[in-house]
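Proteins get letters first, then strands, A, B, ... in listed order; numbering begins at 1 in each. We use all heavy atoms of the structure for the numbers below, so side chains are in, but hydrogens, waters and symmetry mates are not.
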2 protein chains.
Amino acid sequence: MLTAKRHQLIEDLLLKKQTVTIQEIMELTKASESTIRRDLSELEKKNKLIRVHGGATLHHSKSEEPSFPEKASKYVFEKKAIAETAALLVQPNDCIYLDAGTTIYEMVPHLTSKEVTVVTNGLTHLDILSKYKINTYLLGGFVKHNTRALVGHGAQVSMRKYRFDKCFLGANGIHTSYGFTTPDPEEALLKNMAIELSQDAFILADRSKLNQTSFTKFAELNEATLITNDDHANLAAYENKMNIKVVST
Amino acid sequence: MLTAKRHQLIEDLLLKKQTVTIQEIMELTKASESTIRRDLSELEKKNKLIRVHGGATLHHSKSEEPSFPEKASKYVFEKKAIAETAALLVQPNDCIYLDAGTTIYEMVPHLTSKEVTVVTNGLTHLDILSKYKINTYLLGGFVKHNTRALVGHGAQVSMRKYRFDKCFLGANGIHTSYGFTTPDPEEALLKNMAIELSQDAFILADRSKLNQTSFTKFAELNEATLITNDDHANLAAYENKMNIKVVST
DNA sequence: TGTTTGTGAAAGTTTATGATTGAAAAATAA
DNA sequence: TTATTTTTCAATCATAAACTTTCACAAACA
């Protein structure tokens, strides 16, 4: 495989996953360990990535985080599949709102080939959006450092200025009687407003969120279309109360 | 096969695959290696592709442009000294506005020990602000990807909601008759508004900016205090028109 | 027919690669 | 904690692949 192609592949991989191991790249490229090491060193020289023990990462700021050897989050694969399906719903020239959060973050790489305008309160999304020069409007407001999200009065005021074709939101709980819920009341307010301002609202959640409740309710079940993965047993209770788009994983 | 036809074929292939190897082209065209090499060289001259070891690729952008880190390297030493002096002016519990841009960026590390509230339109500043959990409010608005700054109507509306004890701004030109100038009209509007909303305004600029002008004026000389480094010959002309704080470097 | 342009093969040079090494760093066990 | 085992690391080297240059021949053109 071409050196240039490997480099490109590594960069793309990093954009999608934030961190990569040398093993992963070896499997993908069929190149030897030494070659990959050389590639990573070269890319580091160009400020494209940061080498860490076992592989490489994008985030200078995240270097402290001990989570490098791939978080054992078991739903990461399902999240990716759900996000990819959601991205297919986006039409060219759509104006869409993207929630902060990891599930929605997985959508961003799949938008890079479309002509869209993105509004978001998630700072993490910006890395990829910037790389692909996608038209982006950020809400203002207070910076929640731990989740890298914008919240508060400033964010609400900012959002009111926009109208969206579609919005894509994450949820921590979905429940037949309590609706869609999320832990942070500040973020709940924004989610709720996003639904109001959108023609179509979509909520992405893996099956572990079904029948769960969190602190703050931000929408009734029938206010949005749920995109989740296969779990017929649990889904049955919801099917006549709302729109559901099922992703088989 | 005709030369023109081969060239067309190579271009089409590149569009589809981003990178091609000489081997691939040889199989498709049945031409010899030297011919393909000649083709690639010619196409490179016409800026149709970039030659890489083993073949060719389309993407020039990915292999280069460390845009932000590179720009920061010119007067970096002087900038750091100016920024450090500016940071000393910040009092505990101040609410300050920080402009986007490299000079102001150098201030951020010196604020980490103080209790301050920061408002900014510069996305680059966030890395350090987040690391030290400094209270931060971001303006909303359109994301200018190349400079990583927020601009436009959204940013202006966001800013109006705040009042600042001090604001710290960068400038590209300082001139006795044209005042403070900067290239981007959108950013000039924000700078101007920041001065209005601040009790004290400070403009940071190294001595290379003296007697220079840029496209858009954002303030008169007497509207802000200039923080710059030692250059007595040039500074003399300004001394009775404005407040200047000189940093010896 | 002679001239120009394009082609392919061969020579020698440069660059990229994968295997191997001992040192260093993590992970694990005690 | 300390001692151990395992993994990862950087450096080296021989080999393979790709590179440039040159030259002779063939096709296209006037």
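Annotation: of the two residues near DNA chain D, A:S41 and B:V52, the 5′-most nearest-nucleotide partner is A:S41.
Residue A:F202 is tested with A:Y97, A:F180, A:F168 for a ring-ring contact (aromatic ring centres under 6.0 Å, His included); the sole match is A:F168.
Using a 4.0 Å heavy-atom cutoff across all strands shown, B:Q23 reaches sugar-phosphate atoms only and no base atom.
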Where do B:E187 and B:K144 land on the salt bridge (Lys or Arg N to Asp or Glu O under 4.0 Å) test, with the steps shown first?
CA-CA 10 Å; B:E187 297 200 33; B:K144 257 183 87 179; 3.3 Å; yes
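Within the 4.5 Å cutoff, the side chain of A:R6 has heavy atoms near those of the A:T35 side chain.
B:K79 and B:T102 share a side-chain donor-acceptor pair at under 3.5 Å.
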Nucleotides 6-9 of chain C: which of its N/O atoms have a protein N/O under 3.5 Å away?
{"from": "C:dT7", "atom 1": "OP1", "to": "B:R6", "atom 2": "NH1", "distance (Å)": "2.8"}
{"from": "C:dT7", "atom 1": "OP2", "to": "B:T3", "atom 2": "OG1", "distance (Å)": "3.4"}
{"from": "C:dT7", "atom 1": "OP2", "to": "B:R6", "atom 2": "NH2", "distance (Å)": "2.8"}
{"from": "C:dG8", "atom 1": "OP2", "to": "B:S32", "atom 2": "N", "distance (Å)": "3.0"}
{"from": "C:dG8", "atom 1": "OP2", "to": "B:S32", "atom 2": "OG", "distance (Å)": "3.1"}
{"from": "C:dG8", "atom 1": "OP2", "to": "B:T35", "atom 2": "OG1", "distance (Å)": "2.7"}
{"from": "C:dG8", "atom 1": "N7", "to": "B:R38", "atom 2": "NH2", "distance (Å)": "3.0"}
{"from": "C:dA9", "atom 1": "N7", "to": "B:S34", "atom 2": "OG", "distance (Å)": "3.3"}

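For the pair B:H53 NE2 and C:dA16 P, the interatomic distance rounds to 5 Å; values are reported in whole Å. Between the CZ atom of A:R51 and the P atom of C:dA24 there is a distance of 17 Å, given to the nearest Å. Put simply, CZ on A:R37 is 13 Å from C1' on C:dA23, counting in whole angstrom units.
From the 5' end on, the contacts that DNA chain D makes with chain A at under 4.0 Å to a non-hydrogen atom open and close at D:dT8 to D:dA10.
In terms of modelled atom types and a separation under 3.5 Å, the side chain of B:T117 and the main chain of B:C95 share no donor-acceptor contact.
Annotation: B:K48, atom NZ; neighbour count of heavy atoms from other residues, nucleotides and ligands within 6.0 Å does not exceed 12. A 6.0 Å sphere centred on NZ of A:K245 holds no more than 12 heavy atoms belonging to other residues, nucleotides or ligands.
In this structure, B:A81 and B:V247 approach most closely via the heavy-atom pair O-CG1, 4.0 Å.
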